[in-house]
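Here the structure comes first, spelled out in structure tokens, and everything after it is commentary.
In the text below, chain A, chain B and the rest are named by the order of the sequence lines, each starting its count at 1. For clarity, every value in this text was computed on a predicted model and none was experimentally measured.
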Amino acid sequence: MSETDYDQIVQLLCDRLADLSKTSKESISPETNLITQLSIDSIKLLGLIMEIEDAFDISIPINALTDIQTVHELAELIHKIKSAS
Amino acid sequence: MNLLEKLDAAAAARKSLLPDGVGAFGIPIEEVYSATEARIGDRRVLLLGTNNYLGLTFAPECIQAAHEALDKEGTGTTGSRMANGSYFGHRALEREFADFYQCSGGIVFTTGYQANLGTISGLVGPGDTVLIDGDSHASIYDGCILSGADIVRFRHNDVADMEKRLRRLGERVETTLIIAEGIYSMLGDQAPLAEIVELKNKYRCILLLDEAHSLGVLGETGQGLVEQTGLLKAVDFITGTFSKSLCSIGGFCVSNHPQLEQLRYVSHPYIFTASPSPATIASTRAALELLRKGSHLRTQLWKNCTQLYAQLKETGYQLGPDPGPVIAAILDTPQQALLMWRSLLEHNIYVNLILPPAAPEGKSLVRCSVNAAHTSEQIKYVGDTFAKLYNLVRS
């Protein structure tokens, strides 16, 4: 998977997170914190993970989410799983 | 934010929901009069929020058995199953559960929560995968976390979604444990067991079914969903609890796999806790006997469930898809649910209030649990009161 793929993942995440947190897409960057800045709770995050799994045809174990705080960290995890699949 | 400030933040969030301090959670029950009535504050209330499905909490056979065990063996075992805590009764109950489910082996745990924790964490570990329903009980989630296995969720009761996830696992399906529940505790709906078994066989996985809410409720002899669907032999491990239809506390796992016995040596929730008290075991054994012979209790229970489900549906409440002993009215907001819960209590009816994140998909629930000891008049009073209060929550 290339840098472009990573960028596409970030783009997709920003779109969906904007919807979920009811904020503008422009205000979300890779450094944005999912919990403290976007107030994404566990229910919203698990729903988002299922959507991403379907979009990229991958499985993301929920225990892998424990250390995820930012958009970049989530994108990197998805990128890593997608690359290995 | 330090550790204590985090708890303060949680307390503030709770207080914002319950401003006048009347606690919907952990409400004090001052006196219990019967399987259907108790006192909360100065109110004599109808109990519609217990898991006493067969209404056996005051069964004379169970009380007598508990008294005798208390007199003969004392108040507690003071030790784990691994050490001095395996009395005759514990071993007998394990044989009785194995016999009930026509299995070669059974293990008794100290709580139902620990039965799932101990079984799951004993069966899978790091590098393995657990595939669980998104609406699984917390004991299943916690067992999976304790195990260190990768946790993958499928959408609630969605077998197509489940298969998609099995396919994505590739060769890892070989070390995958699928977990489902006979009756789900939030909306009272049942797992599509036949389809799940089909996928389990196709992908050659191991299947664990938690019959916590379905034991005593489904099937001719009360085995649960496995009996109702005729799929007893297709499920690898069955877990369940004593704290619902069996009216005590404890849990079990049964299986035809001889490897079940190894759980006793690898499962921390089995090893590192005291075993159930002799009185608990004795009343559970008596209750299991009543449950097996209790088709009349199941008939009465289902009559009550059907009556209440039909009345709430007719009133206009949004309910779970299947009638059953767990009947949850699904409301739009936590505030509506809290208002309904309080109003029911003012009408002397105790039900369970379930708010996000405990309820699935951010819903708020007012959940009734029906039992075999409720009279038709009591059920009608509950249905009539829900109808009277419908305007409070009509969108």
Side-chain angles (χ1 to χ4, degrees), chain A residues 1 5-6 8-9 12-13 15-23 28 31-70 73-85, chain B residues 1 6 9-10 13 120-121 124-136 138 140-156 158 160-173 175-177 186 203 334 354-364:
Chain A
M1 224 180 162
D5 296 321
Y6 170 83
Q8 282 171 353
I9 293 168
L12 176 77
L13 285 178
D15 287 350
R16 291 301 300 123
L17 287 167
D19 280 349
L20 287 172
S21 61
K22 297 183 173 57
T23 51
I28 302 174
E31 287 71 40
T32 304
N33 188 296
L34 302 174
I35 302 156
T36 59
Q37 289 176 271
L38 297 180
S39 301
I40 299 294
D41 60 27
S42 57
I43 293 175
K44 285 181 185 166
L45 182 60
L46 290 175
L48 174 64
I49 290 302
M50 282 190 158
E51 282 183 42
I52 294 167
E53 286 179 320
D54 289 345
F56 293 104
D57 199 26
I58 54 173
S59 279
I60 304 171
I62 59 172
N63 40 318
L65 301 171
T66 317
D67 298 327
I68 301 295
Q69 299 218 0
T70 65
E73 287 166 354
L74 183 55
E76 205 172 49
L77 173 70
I78 297 163
H79 186 234
K80 192 174 141 198
I81 292 173
K82 180 68 184 159
S83 303
S85 67
Chain B
M1 197 184 287
K6 283 185 197 172
I120 297 166
S121 64
V124 291
D128 301 329
T129 304
V130 275
L131 183 60
I132 63 173
D133 187 288
D135 283 6
S136 292
I140 292 174
Y141 276 96
D142 291 353
C144 294
I145 292 166
L146 181 66
S147 76
D150 282 346
I151 307 161
V152 177
R153 300 158 77 240
F154 58 91
R155 289 182 171 87
H156 176 55
D158 185 337
D161 197 62
M162 181 180 164
E163 174 154 33
K164 214 159 46 181
R165 283 163 170 75
L166 279 168
R167 179 181 50 75
R168 286 176 193 154
L169 286 170
E171 289 177 1
R172 295 192 62 188
V173 288
T175 53
T176 294
L177 174 69
M186 291 293 121
Y203 288 89
I354 300 165
L355 303 179
E361 293 169 22
K363 293 166 183 158
S364 294

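Salt-bridge check for R165(B) with E53(A): passed, with a basic side-chain N closer than 4.0 Å to an acidic carboxylate O.
For a residue to count as touching a neighbouring chain, one of its non-hydrogen atoms must lie under 4.5 Å from one of that chain's; by this rule R155(B) touches chain A with backbone and side chain alike. Contacts between I43(A) and chain B at a heavy-atom distance below 4.5 Å involve the side chain alone, from C-beta outward. Using a 4.5 Å cut-off between heavy atoms, D54(A) contacts chain B through both its backbone and its side chain.
Options T66(A), D57(A), I58(A) differ in how many heavy-atom pairs under 4.5 Å they form with chain B, and the most are formed by D57(A).
A pairwise comparison of heavy atoms in P61(A) and V152(B) identifies CA-CG2, 4.4 Å as the closest pair.
For the atom pair CZ of R153(B) and CD1 of I62(A), the computed distance is 6.0 Å after rounding to the nearest 0.5 Å. Taking OG from S59(A) and CD1 from I151(B), the interatomic distance works out to 13.0 Å, rounded to the nearest 0.5 Å.
Here the side chains of I60(A) and R168(B) are not in contact, with every heavy-atom distance at 4.5 Å or above.
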